[in-house]
Amino acid sequence: PQPFNWQDPLGSQSLLTEEEIAISETAEAYCQERMLPRVLQAYRDEHYDKKILEEMGELGLLGSTIKGYDCAGVSNVASGLITKAVERVDSGYRSGMSVQSSLVMGGIDEFGTQEQKDKFLPKMAKGKLLGAFGLTEPNHGSDPGSMETTAKPHPTKKGYLSLSGAKTWITNSPIADVLLVWAKYHETGKIRGFLVERSECPPGTLETPAIKNKNGLRASLTGMIQLDECPVPEANMFPDVEGLRGPFTCLNSARFGIAWGTIGALEDCISRTRTYALERKQFKGNPIAKYQLVQKKLADATTDAAFGTLAAIQVGRLKDKGEAAPEMISMIKRQNCDRALFNARVLQEVFGGNAVSDEYGIGRHVANLFVTQTYEGQSDIHSLILGRAITGLQAFV
Ligand code: TGC
Ligand code: FAD
């Protein structure tokens, strides 16, 4: 038998192709060598270095599953491995990448016109053009179907629509060049997607103030999108998709990514805790790693990380074949976020008073993982999505 490897307890590596292993190694090396040294200060300063997206673009890590348009066209499992490498460093860095890759580039690739794809995707793949995804509103988070943002004919500009409304808690909005805004279209009252280009918006029609003083995800930028009769060319609307199917299709990919990423964050917590517990001595010079209660915490967390990885690989393989039901993605998003948060909180205890120091990294992951459990569908909402699929009964309303 294989010797037990605490870093890959169930041998998930044996399920990967050579190409996937090579991509994972490239992503892990970049993240550990170039991202990790920056994260502590960035988190303290609530700063997001947008050069990170350019660096990721140079390595072909953005929009990685998209075929053509200077994107790598790799498998969903490979993209999951990239996401895991990034979130091993910080959920905020993964957030910036998820929005760019899954939510905006993914949306354009799936629903955009040929002109929209040609115009935006190659520059976004290189991280030269940054995206944001505006679905959540101040009064409508879990229930985006009730959104109030509207797209009406522009009163003075022919061939333009006028977008009005407010989006909140939007990752990357303060720095985004292209904002994918979901709004209700005047002719049908149905939700449609609009590509709002910051450089084309007259002064006062688009504001994207930052939301400051967050106690999680501080290495990621979050803000609002305020639209006041903002003129957007009709050509910037997604041509065919209407209703919530548009944003939720983008969310299927982003939620899949979070299911991978949170396991990366959890693995980092396990590794940091193991190192600390082997070094820290209490009671007659014993390392605290020798005590049964500490070992149980590591055993629980390592088991959840291993199970979470296998589930994510399985859904990734089905996604490549076009066979992944959205409920499968809800299941792994909910489970991996919940177990990562639960275990990270428990492992934090092993650090004693040092858990309070940001130098140890574990508190940052705990604060971040609370956010991952909340955005892209809070865990209880995913319970209701699963409950509906299991019973056939709708519990939301
Ligand atoms: P419901 O009746 O369930 O569905 C309405 C229409 O949408 C279709 N649909 C889907 N299509 C594709 N994929 C999915 N996963 C889909 N889920 C639903 C559905 O077929 C239907 O289509 P049609 O053609 O019949 O109209 O809609 P509902 O209003 O009852 O939905 C309820 C609920 C709770 C499931 C939904 O609203 C929900 O998931 N709420 C959570 C909201 C959410 O996830 N927001 C995310 C905002 S973006 C974000 O957080 C980014 S963070 C990024 C980062 O920084 O990493
Ligand atoms: P609410 O919908 O008010 O929910 C509050 C609580 O009530 C939750 O626990 C929820 O589960 C529960 N609840 C609600 N309805 C029900 C029900 N029917 N039954 C049982 N429980 C219920 N959004 C974007 O569009 N784009 C982004 O880029 C983006 N980035 C984000 C970045 C950060 C840092 C954060 C914090 C959020 C981001 N969001 C983004 C928004 C995020 O998706 C929402 O916060 C999330 O969907 C929850 O909505 P809400 O905050 O309005 O909570």
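Read the numbers this way: they start at 1 and go in the same order the structure lists the ligands and their atoms.
If you look at R94 next to ligand 1, the close heavy atoms, those under 4.0 Å, all belong to the side chain.
In this structure, P326 has a heavy atom closer than 4.0 Å to ligand 1.
Remark: E267 does not engage R274 in a salt bridge, criterion side-chain N to carboxylate O under 4.0 Å.
Scanning T249, I385, I170, T372 for the heavy atom closest to atom 35 (C) of ligand 1 points to I385.
In terms of polar-atom proximity, defined here as any N/O pair under 3.5 Å, R255 does make such a contact with ligand 1. Annotation: N252 places an N or O atom under 3.5 Å from an N or O atom of ligand 1; distance criterion only.
The protein heavy-atom contact nearest to atom 53 (O) of ligand 2 is S142 OG, 4.2 Å. Scanning all protein heavy atoms for the shortest distance to atom 28 (P) of ligand 1 gives L244 CD1, 4.2 Å. Of the protein's heavy atoms, T136 OG1, 3.6 Å lies nearest to atom 47 (C) of ligand 1. Scanning all protein heavy atoms for the shortest distance to atom 42 (C) of ligand 1 gives G141 O, 3.7 Å. In terms of protein heavy-atom proximity, atom 3 (O) of ligand 1 is closest to R388 NH1, 2.9 Å.
Close contacts between ligand 2 and T374 involve ligand atoms 46 (C) [criterion: under 4.0 Å to a heavy atom].
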